[in-house]
Amino acid sequence: MDSLEFLIYTLKKIGMMILLILFATLVVLDIAPSLATFFVESSPIYKYLTSVAGASFTGWLVMLIFLARLFYDDGKRHTAYEIWNSANITIVFILMLVVYFVPTVFKDSLHAEGKGKAFYELFYAPVAWLEVLFGMKLTSAAAVGLGIMLVILFAVYVIAYKLYVRKHKSLQKKG
């Protein structure tokens with residue numbers, strides 16, 4: 001993968017992550033509480049889906065599932081076209097983490113009110129479960145929440161590579 005292709009690939013993955021964060025926020029704020037209405041208010045599922053931690057974890061999990069599918073497919077495709085490179089994907093993951101983490105650093109210095117506060121509540125809704133359950137600050141929750149996700153995604157990417165190479169013996173490198 002040359003430099004321009006890698007830049008475009010990186011920007012696509014960061015854009016996809018941002019879109020999935022917005023979708024996960026929709027899950028947290030609208031879809032999970034809507035699904036809860038199908039259950040009796042005293043049921044554990046209703047309580048889970050209407051709690052901040054439960055809805056947030058559900059959004060985080062939805063985001064993880066979509067990204068895992070995406071990076072599994074990328075792992076297979078990169079192996080098939082012989083452009084698989086763990087260093088490149090690590091750089092992509094680090095940049096994804098930076099894009100998600102850096103705004104949390106400035107939250108307290110901006111004195112976010114109104115639209116700024118809404119940005120932080122919406123954009124970081126998928127990691128609110130870490131704040132609620134473990135008492136983390138937003139910076140820690142964003143880093144740990146996305147960090148766990150990226151470690152899992154890296155494992156999925158490597159597993160896709162290994163499975164594809166095992167299936168297609170001609171791709172195995174000699175020596």
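- Contact record, Gly75 with Trp84: O-CD1, 3.8 Å, taken as the closest heavy-atom pair.
- Taking OG1 from Thr104 and CG from Leu146, the interatomic distance works out to 11.0 Å, rounded to the nearest 0.5 Å.
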Distance-only check: which donor-acceptor pairs under 3.5 Å involve side-chain atoms of residues 26-40, not counting sequence neighbours?
residue: Ser34; atom: OG; partner: Asp30; partner atom: O; Å: 2.6
residue: Thr37; atom: OG1; partner: Ser34; partner atom: O; Å: 2.5

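- Val156 and Ile159 fall within a single hydrophobic cluster, where Ile, Leu, Val, Met, Phe, Trp and Tyr side chains are chained together by heavy-atom contacts under 4.5 Å.
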Show me the side-chain donor-acceptor pairs of residues 59-72 shorter than 3.5 Å, one per line, residues at least two apart or across chains.
residue: Trp60; atom: NE1; partner: Gly145; partner atom: O; Å: 3.0

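- Counting only heavy atoms from C-beta outward, the side chains of Lys167 and Leu163 never approach each other to under 4.5 Å.
- The minimum heavy-atom distance between Thr58 and Gly54, with the atom names listed, is OG1-O, 2.8 Å.
- Using cut-offs of 30° and 60° on the angle between ring planes, the pair Tyr124 and Tyr120 is parallel.
- Taking the six-membered ring where the residue is Trp, Tyr100 and Phe123 present tilted rings, their angle falling between 30° and 60°.
- Atom CG of Leu153 and atom CD1 of Ile148 lie 12.0 Å apart (nearest 0.5 Å).
- Of the residues Ile89, Leu95, Ile94, the one that meets the side-chain contact (heavy atoms from CB on, under 4.5 Å) test with Ile91 is Leu95.
- Contact detail for Tyr164 and Ala80: the closest heavy-atom pair is OH-CB, 3.4 Å.
- One hydrophobic cluster, built from ILVMFWY side chains closer than 4.5 Å, holds both Phe23 and Ile21.
- Taking CG of Asn88 as the start and CZ of Phe93 as the end, the distance is 11.5 Å to the nearest 0.5 Å.
- Linking ILVMFWY residues whenever their side-chain heavy atoms come closer than 4.5 Å, directly or via other members, leaves Leu7 and Tyr9 in distinct clusters.
- Rounded to the nearest 0.5 Å, atoms CG (Leu97) and CE (Met149) are 11.0 Å apart.
- Checked by atom type and distance alone, the side chain of Thr25 never pairs as donor or acceptor with a backbone atom of Ala125 at under 3.5 Å.
- Here Phe101 contributes atom CZ and Ser140 contributes atom OG; the two are 7.5 Å apart, rounded to the nearest 0.5 Å.
- Linking ILVMFWY residues whenever their side-chain heavy atoms come closer than 4.5 Å, directly or via other members, leaves Val144 and Val132 in distinct clusters.
- The shortest heavy-atom contact between Met96 and Met17 is O-CE, 3.6 Å.
- Listed by first and then second residue, the salt bridge (Lys or Arg N to Asp or Glu O under 4.0 Å) pairs that reach into residues 4-24 are Lys13-Asp74, sequence neighbours excluded.
- Counting heavy atoms from C-beta on, the side chains of Phe119 and Pro103 come closer than 4.5 Å.
- In this structure, Met16 places its CE atom where only 12 or fewer heavy-atom neighbours from other residues, nucleotides or ligands lie under 6.0 Å away.
- A pairwise comparison of heavy atoms in His78 and Tyr157 identifies ND1-OH, 2.5 Å as the closest pair.
- The hydrophobic cluster containing Val151 does not contain Val127, counting ILVMFWY residues as joined when their side-chain heavy atoms lie under 4.5 angstrom apart, directly or transitively.
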